[in-house]
Amino acid sequence: MNIAEKTEAKIKEEIVRAVEAAGLASSEEIPDVVLEQPKDKQHGDYATNMAMQMARIAKKNPREIAGDIVEAFDKSKASIEEMEIAGPGFINFRMNNTYLAELVPSILEEKESYGKSGEARRERIQVEFVSANPTGTLHLGHARGAAIGDALCNILEAAGYDVEREYYINDAGNQISKLAESVEARYMQALGEEYAMPEDGYHGADIIELGKQLAAEEGARWTEVSGEERHRHFRESGLRYALSRIEKDLGDFRVTFDEWFSETSLYEENKIEAAVEELRARGLVYEQEGATWFRTTEYGDDKDRVLVKNDGTYTYLAPDIAYHKNKLDRGFDTLINIWGADHHGYIPRMRAAVQALGYAKETLEVEIIQMVNLFENGEKVKMSKRTGKAVTLRELMDEVGVDAMRYFFAMRSSDSHLDFDMDLARSESNENPVYYIQYAHARIATMLKQSEEKNLRSDEFDGTLLTSEKEIDLLKRLGEFPQIVEDAAVNRTPHRVTQYAFDLASNLHSFYNAEKVLDAGHPVRTASRIKLMEAVKQTLRNALALVGVEAPEKM
RNA sequence: GUCCCAGUAGCUCAGCUGGAUAGAGCAACAGCCUUCUAAGCUGUGGGUCGCAGGUUCGAAUCCUGCCUGGGACACCA
């Protein structure tokens with residue numbers, strides 16, 4: 001437990017004891033204590049609404065109840081300086097702030113672990129994200145999914161969950177055949193053959209290049225084998241090429257996966273048939289009009305869905321069910337899928353599948369990532385200037401850099417649309433939140449460097465000297481971090497971490513302008529403030545790391 | 001027609017599982033550099049939380065209906 005948690009736990013404990021001691025309710029009747037940090041500083045460091053919650057149970061008015069609680073409360077047990085009753089019955093607590101200073105040495109000791117949950121949870125969570133079809137490049141929607149997915153994984157890990165990141169490769173569909181045919185055509189053309197591109201083929205320059213490369217490396221040998229064999233070869237070549245490019249793009253975007261799961265493997269191991277049969281055994285499958293149907297309405301879907309079409313082939317749903325069965329068989333407690341907004345209609349049927357396989361509805365969570373709109377010069381950017389097609393992850397990375405993208409994509413709640421302002425993302429000014437935060441980190445780095453040059457460092461630390469308004473604000477902010485991580489994990493809201501980093505940076509800048517750190521005239525205070533700066537620097541770095549943004553030493 | 005998401009300051013968005021006078025950034029206005037990075041700070045103004053009901057001590061938050069914007073509703077992958 002970190003210091004903030006310990007402090008809160010003590011207060012809560014004492015509230016419960018006071019309620020009982022005042023004879024207001026028995027221990028079973030007492031609701032969970034809600035302890036919050038008021039937005040308005042005048043309301044103290046913590047506040048509880050216990051008296052209002054007790055109104056119904058104790059049948060007294062909240063202010064009276066609050067009075068009884070305050071009377072029975074032992075302030076010395078919870079480092080409380082002062083208590084007051086306010087508004088409709090809030091009890092406000094003002095802390096004896098010296099406890100806050102303990103944070104600094106504890107953060108410096110925990111280092112990159114500060115913010116992480118002390119104990120590991122048993123829950124295993126698998127997060128599947130991006131999963132773009134391996135037929136082209138990654139676009140902005142994928143980029144946002146990647147940024148949010150990876151940040152969420154980092155945050156879940158920090159909160160103590162056992163996390164696995166997975167990319168599902170849709171390598172069994174029609175599009176892959178088209179890709180294979182396109183590569184094949186380009187290969188033949190590179191060898192000087194007249195060979196038509198397939199209808200709806202992939203006409204990009206990259207595929208032409210790949211065809212040339214294959215022709216150069218492998219010669220004409222594929223013209224001499226059967227069409228089937230040739231097709232299989234170019235399918236593999238095309239796939240390998242597309243995937244390696246995706247992996248490279250994502251790697252440069254600082255996103256890596258533990259597992260790349262192939263859809264084709266489900267076919268090869270007859271997993272799809274097995275999944276359909278399992279549903280059939282549970283009485284959830286029926287035949288009608290020559291097709292095989294899955295009774296998803298049993299689990300709240302609008303209508304039943306086809307698994308096997310009347311031409312004998314599977315719909316996309318069948319392999320998806322087999323895939324999710326495979327995930328569940330691997331023993332994950334929770335599956336989180338990160339999908340683009342255009343897929344939200346599939347949620348009911350996938351949830352139906354999970355339930356049909358005997359798991360609780362909550363086992364599968366789907367996080368929907370809303371659209372990204374690019375803006376430049378105040379105008380919506382529809383298409384890439386270079387290619388005339390949708391803007392890719394790679395292009396934007398080249399334009400604005402990884403840090404800005406990672407931060408911007410994660411800074412809004414995933415279910416609201418994101419307006420991505422390219423001018424802002426590129427700008428090196430205080431308007432750009434990424435620079436603002438990184439600048440705070442770099443500023444501290446500069447101070448630390450100078451503290452060495454000026455020989456102002458020492459191991460002396462006296463927390464009681466950190467009492468200015470800005471220092472207290474900073475300390476309180478530092479103390480919030482573990483709880484922010486916890487909340488972001490539980491609620492699946494990575495944007496809380498970006499927001500926190502911004503707030504902490506803001507506190508730092510504010511402190512910086514108000515107080516001087518390096519002051520030879522006050523050696524102990526200087527040493528203590530240096531420690532405080534180190535703690536802020538560490539916490540900024542930790543917060544940024546969770547969302548995949550670098551913390552530079554100088555700018 | 002059905003379903004999902006959104007609607008909060010001029011703009012972009014927060015608002016943590018119902019709490020006090022609804023917050024931040026940008027934009028506007030007024031200030032702060034012989035001092036550790038002014039890529040920064042301080043202050044001021046700005047609100048019918050889409051609309052109407054309901055639930056209760058208390059609603060931006062929960063429920064119902066409606067309005068607006070976006071998306072989804074295949075034996076397509």
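Lettering of chains follows the sequences in order, A, B, ..., and the numbering in each one begins at 1. Quantities reported herein were computed from a predicted structural model and do not represent experimental measurements.
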May I have the step-by-step check of side-chain hydrogen bond (donor to acceptor under 3.5 Å, both in side chains) for A:Glu123 and A:Thr334, ending in yes or no? CA-CA 8 Å; A:Glu123 199 174 336; A:Thr334 301; 2.8 Å; yes
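No more than 12 heavy atoms of other residues, nucleotides or ligands lie within 6.0 Å of NZ in A:Lys361, so this atom counts as exposed by the packing criterion. A:Glu199 CD: 12 or fewer foreign heavy atoms inside a 6.0 Å radius.
If you take CG of A:Asp320 and C1' of B:A77, they are 10 Å apart, rounded to a whole angstrom.
The partner of B:C62, taking Watson-Crick or G-U wobble pairs whose two distances both stay under 3.5 Å, is B:G54. Using N1 to N3 plus N6-O4 or O6-N4 for Watson-Crick, or N1-O2 and O6-N3 for G-U wobble, each under 3.5 Å, B:C3 pairs with B:G71.
In the interface, the side chain of A:Asn92 is paired with the base of B:A20 through a donor and an acceptor atom under 3.5 Å apart. Taking 3.5 Å as the limit, the base of B:G71 and the side chain of A:Asp342 contain no donor-acceptor pair of atoms between them. For A:Tyr346 against B:C76, a side-chain N or O and a base N or O form a donor-acceptor pair under 3.5 Å. Contact of A:His417 with B:G70 (side chain to base): no donor-acceptor pair of N or O atoms is detected under 3.5 Å.
With values rounded to the nearest 0.5 angstrom, A:Glu128 atom CD is found 5.5 Å from A:His324 atom NE2. The distance from the CG atom of A:Asp304 to the CZ atom of A:Arg349 is 11.0 Å, given to the nearest 0.5 Å.
The same atom, C1', is picked in B:C63 and in B:C16; the two are 22 Å apart, to the nearest Å. Taking atom C1' in both B:A52 and B:U68, one finds a spacing of 15 Å when rounded to whole Å. Nucleotides B:A77 and B:U2 place their P atoms 28 Å apart, quoted to the nearest Å. Taking atom P on both nucleotides, B:A6 is separated from B:U48 by 22 Å, rounded to a whole Å. Rounded to a whole angstrom, the distance from the P atom of B:U44 to that of B:G25 is 12 Å.
Heavy-atom distances to RNA chain B give each of A:Tyr316 and A:Arg443 a nearest nucleotide, and the one nearer the 5′ end belongs to A:Arg443. The residue among A:Met371 and A:Asn432 whose nearest nucleotide of RNA chain B is located toward the 5' end is A:Asn432.
Within the structure, every side-chain polar atom (N or O) of A:Lys470 is placed at least 4.0 Å from both OP1 and OP2 of B:C41.
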